[in-house]
Amino acid sequence: MISKISKKEESLNNFEQTDLDFAVIVTAYEETDHLPKVVASILNQSHQQFLVYVVADKCDITNLFFDDERVILLRPETIIGSNTGSHQYAIDHFKRAHNYVTIIDSDNILDQDYLKELTYSIKNEFVAVQGIRAAKNLNSTYACLDAARDIYYHFYDGKILFKSGSSATLAGSGMAFKSDLYSSFLKQNKVSGAGFDKVLQAWLLNQNLRIAFNEKAIVYDEKTTHSDQLVKQRSRWLNTWFKYFKFGFTITFKGIKNLSVNQLLFGLVLLRPPLFIFLILSVLATFINIIFGLNYWIWLAGIICFVVSFFLSLINSKTDKRIYASLINIPKFIFFQILSLTKVKQANKISVATKHTQNGSFKN
């Protein structure tokens, strides 16, 4: 036992003497307005061992210039139209062999210590890490409610799930992977449309690899500000849930077979429906039990527990007061998500990516 501990401490000490080299991949589709500020936030990192690969897919880059040699601007000759395709394009154009790859959206602003915090998780021998996507904007009711939803998922599907011995769920950006591991994923999985993060996390969990959660590795992400933007975005997200929730069964069964807490808990989380569907079904079940004179109090108690747990996630996450004020509009938010259900089948045809409306700035 002492020998194993000593070897682990030795390996970590050796690791700390080496500068971890990151490939920061930024993917843009059609829009480039945010890229200068996104790249500026990357260049301002406290950890300075990295190169930035900006993949401008179907973008006009006529007026897009970066005078820092660490930024490699790539414009594919043909339209790629997918996140994973853009990631592979960046990897194919790597200037050197990087230890880790981190994925950033074209509207993300990085906290100054984002890469530094990732190194802490990596030094604990994790090959995959998910950070936090905090709200860049709280300028509308929808943005605040979108942020509240993210806080809930980060708390329970990130922090609590990881502390329970399982893995954090992936969020699509603000995440990092060992380079050869991510390259292997791209070669083995051809993912079209939205939801590559769902396929990626299932691929990792099927190998019983753990995804670390680091709440101090922060990227500021633009939240939806308009109802039409919300409907389009949620329809794509719902499409991916219906398409990939089946992974939960496979991973759960593997967890039972392998006696793996990592796989078992993660698989069960994947089988849970989206929050608004979960809440609607619970309320419906309560009313049915009331009508037929059954034990409705069990369902009512469950709803109360959910509401309490929701507020616990907000309280434990230093939530902005504007988010609390927006909660009165949750019924309206749920209505638009129900509306998005009607567009699930056409989700990937509506738009390839969310249209961004903010100017790249944010307020903490």
Side-chain angles (χ1 to χ4, degrees), residues 8-9 11-27 37-53 70-71 87 98-136 147 150-179 181-182 197 200-201 204 209-223 313 316-320 360 362-364:
K8 185 172 182 181
E9 287 179 349
S11 67
L12 291 180
N13 288 333
N14 290 337
F15 193 92
E16 288 171 355
Q17 295 169 8
T18 305
D19 256 341
L20 194 68
D21 188 29
F22 285 94
V24 183
I25 299 178
V26 182
T27 56
K37 290 186 177 180
V38 174
V39 171
S41 74
I42 300 171
L43 297 177
N44 193 41
Q45 289 295 294
S46 55
H47 178 92
Q48 281 287 304
Q49 190 69 16
F50 62 83
L51 290 179
V52 186
Y53 299 87
R70 292 172 296 172
V71 182
H87 300 163
H98 298 279
N99 303 112
Y100 271 71
V101 173
T102 182
I103 308 299
I104 304 298
D105 279 347
S106 63
D107 66 320
N108 291 161
I109 300 294
L110 273 61
D111 180 84
Q112 188 175 17
D113 290 331
Y114 171 74
L115 291 179
K116 180 181 177 181
E117 287 297 334
L118 288 180
T119 66
Y120 294 149
S121 295
I122 292 167
K123 285 173 183 177
N124 285 316
E125 301 181 353
F126 286 103
V127 295
V129 187
Q130 175 64 59
I132 273 190
R133 302 206 317 172
K136 185 170 72 175
D150 276 4
I151 289 170
Y152 176 88
Y153 279 118
H154 280 311
F155 186 72
Y156 288 107
D157 292 9
K159 185 175 183 177
I160 299 300
L161 192 58
F162 179 59
K163 283 189 173 183
S164 300
S166 187
S167 293
T169 56
L170 295 178
S173 71
M175 51 191 188
F177 310 96
K178 196 172 181 181
S179 291
L181 181 71
Y182 193 60
D197 51 323
L200 174 54
Q201 64 187 14
L204 292 169
L209 296 173
R210 284 189 71 196
I211 304 168
F213 179 72
N214 190 325
E215 61 184 329
K216 294 182 180 179
I218 304 169
V219 296
Y220 295 94
D221 178 61
E222 183 177 321
K223 303 307 174 188
S313 69
N316 281 278
S317 304
K318 299 179 181 179
T319 301
D320 191 288
F362 67 94
K363 292 182 179 179
N364 259 337

Does a donor on one side chain sit under 3.5 Å from an acceptor on the other, for [X] and [Y]?
X	Y	result
S166	R210	no
H87	Y53	no
S41	Y220	no

Between [X] and [Y], is there a donor-acceptor pair closer than 3.5 Å when you use the side chain of the first and the backbone of the second?
X	Y	value
H47	L20	yes
H98	F22	yes
Q130	S173	yes
Q45	D111	yes
Q201	L170	yes
N214	A217	yes
K136	D107	yes
S179	N99	yes

Could you measure the distance from the [atom1] atom of [X] to the [atom2] atom of [Y]? Nearest 0.5 Å is fine.
X	Y	atom1	atom2	answer
L161	K163	CG	NZ	12.5 Å
I218	D113	CD1	CG	9.0 Å
Y156	S164	OH	OG	11.5 Å
S167	D157	OG	CG	12.0 Å
L181	F177	CG	CZ	8.0 Å
M175	R133	CE	CZ	8.5 Å

Could you point out which residue of [options] forms a side-chain contact (heavy atoms from CB on, under 4.5 Å) with [X]?
X	options	answer
V26	T102, I103, V52, V71	V52
E215	E117, K159, H154	K159
Y114	I42, N108, N44, I104	I104

So [Y] and [X], do their side chains get closer than 4.5 Å, heavy atoms only?
X	Y	result
N316	F155	yes
V38	D105	no
V129	I122	yes

Contact summary for F213 and A168, nearest pair of heavy atoms:
CB-CB, 3.7 Å

Closest heavy-atom contact between G172 and D197?
N-OD2, 3.7 Å

Using the rule given for side chain to side chain contact (heavy atoms under 4.5 Å, CB included), can you reason through L118 versus K116, listing the C-alpha separation, both sets of side-chain angles and the distance that settles it, and then say yes or no?
CA-CA 5 Å; L118 288 180; K116 180 181 177 181; over 6 Å; no

Do the rings of F162 and F126 sit parallel, tilted or perpendicular, given the 30° and 60° boundaries?
perpendicular

Decide yes or no on side chain to side chain contact (heavy atoms under 4.5 Å, CB included) for Y100 and V24, but give the supporting numbers first.
CA-CA 9 Å; Y100 271 71; V24 183; over 6 Å; no

